[in-house]
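Here's the structure we're looking at; comments come further down.
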Amino acid sequence: MPALHPLCLVLQTTWFVEIPLVAALELQVADYEDGELRVRAPLAPNRNVHGTAFAGSLFSVCVLTGWGSTWLALKLAGLDGSIVVAESRIQYRKAVTGDIVCACRPDPGALAASLDELRSRGRTSLPLVCTIDADGKRGVTFEGSYVVHARPEK
């Protein structure tokens with residue numbers, strides 16, 4: 001398995017320091033390759049009464065994956081900003097019976113346009129889709145809109 005991108009370690013630390021829920025979820029950055037962020041959370045601390053992944057955990061993992069994907073895109077572009085999810089929609093299609101693995105790959109065109117808008121206007125919105133598969137089929141599809149406000153350079 002290849003080593004994680006150094007920014008993934010910073011992202012992981014940022015989550016654990018700034019977002020207490022991450023520790024309870026036991027969320028970890030799994031990998032980041034070709035613009036796709038993948039995160040993993042074990043089933044045990046995220047299960048429901050049926051022994052499958054709790055819907056709230058699935059939602060939280062998706063929100064955090066989209067946030068992390070946005071954060072990585074900003075850092076790789078040499079930008080900084082305050083990131084919030086402004087709107088979201090989630091579909092639960094299949095029960096997740098194992099570890100939660102969520103993936104997010106921003107659309108390159110939408111990402112480029114959002115980064116340009118952030119540079120020129122100091123604010124942008126980035127639409128993202130995060131997915132979780134279960135037993136080789138799509139289990140969860142999350143669509144979120146992440147708003148970024150530029151931070152002044154230090």
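The hydrophobic clustering, which links ILVMFWY residues whose side-chain heavy atoms are closer than 4.5 Å, places V85 and Y92 together. Both L7 and W15 are assigned to one and the same hydrophobic cluster, defined by single-linkage of ILVMFWY side chains at heavy-atom distances under 4.5 Å. A chain of hydrophobic side-chain contacts below 4.5 Å, direct or via other Ile, Leu, Val, Met, Phe, Trp or Tyr residues, connects W67 to I90. A single hydrophobic cluster is not seen to contain both V101 and L128; linkage of ILVMFWY side chains at heavy-atom distances under 4.5 Å, directly or through other members, places them apart. Residue L58 is not grouped with residue F54 when hydrophobic side chains (ILVMFWY) are merged at heavy-atom distances under 4.5 angstrom, including chains of intermediate members.
By the 4.5 Å side-chain criterion applied to Ile, Leu, Val, Met, Phe, Trp and Tyr, V147 is assigned to a cluster that also includes V84. Clustering of Ile, Leu, Val, Met, Phe, Trp and Tyr by side-chain heavy atoms under 4.5 Å joins V17 with none of the others.
The CZ atom of R89 lies 5.0 Å from the CD atom of E143; values are rounded to the nearest 0.5 Å. Atom CG of D99 is separated from atom CG of N46 by 9.0 Å, given to the nearest 0.5 angstrom. Distance check: I83 CD1 to T70 OG1 gives 5.5 Å after rounding to the nearest 0.5 Å. Distance NE2/H149 to CZ/R121: 11.0 Å, rounded to 0.5 Å. L37 contributes atom CG, which lies 8.0 Å from atom CG of D31 (distance to the nearest 0.5 angstrom). Separation of atoms CG (D133) and SG (C102) is listed at 9.5 Å; rounding is to 0.5 Å.
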side-chain contact (heavy atoms from CB on, under 4.5 Å) evaluation trace for L126 with V148: CA-CA 8 Å; L126 178 63; V148 181; 5.7 Å; no
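Within the 4.5 Å cutoff, no side-chain heavy atoms of I100 are placed close to those of L25.
The minimum heavy-atom distance between A23 and F16, with the atom names listed, is CA-CE2, 3.5 Å. Shown here for A73 and L111, the closest heavy-atom pair between the two residues is CB-CD1, 3.6 Å. Closest approach of L118 to L74, counting heavy atoms only: CD2-CD2, 3.4 Å. Shortest non-hydrogen contact noted between A41 and L27 is CB-CD1, 4.1 Å. L115 approaches A77 most closely through the heavy-atom pair CD1-CB, 3.9 Å. Taking all atoms of both residues into account, the shortest heavy-atom contact from S114 to S125 is OG-O, 3.0 Å.
For D116, the salt bridge (charged side-chain N to carboxylate O under 4.0 Å, His left out) partners two or more places apart in sequence, or in a different chain, are R119. Here D135 pairs with K94 under the salt bridge (charged side-chain N to carboxylate O under 4.0 Å, His left out) rule; sequence neighbours left out. For E26, there are no salt bridge (charged side-chain N to carboxylate O under 4.0 Å, His left out) partners at least two apart in sequence or on another chain. For R123, the side-chain hydrogen bond (donor to acceptor under 3.5 Å, both in side chains) test picks out no residue, with sequence neighbours left out. For E36, the salt bridge (charged side-chain N to carboxylate O under 4.0 Å, His left out) test picks out R105, with sequence neighbours left out. Scanning for side-chain hydrogen bond (donor to acceptor under 3.5 Å, both in side chains) contacts around R47 gives an empty result, with sequence neighbours left out. For N48, the side-chain hydrogen bond (donor to acceptor under 3.5 Å, both in side chains) test picks out T52, with sequence neighbours left out.
The closest donor-acceptor contact from the side chain of S69 to the backbone of T65 lies at 3.5 Å or more, if one exists at all.
Listed by first and then second residue, the salt bridge (charged side-chain N to carboxylate O under 4.0 Å, His left out) pairs involving residues 4-22 amount to none (not counting sequence neighbours). Within the structure, ring pair (Phe, Tyr, Trp, His ring centres under 6.0 Å) contacts touching residues 108-148 (residues at least two apart or in different chains) are F59-F142. A salt bridge (charged side-chain N to carboxylate O under 4.0 Å, His left out) check over residues 50-79, counting only residues at least two apart or in different chains, returns the pairs K75-D80.
Counted by atom type alone, S145 and E87 present zero donor-acceptor pairs between their side chains at under 3.5 Å.
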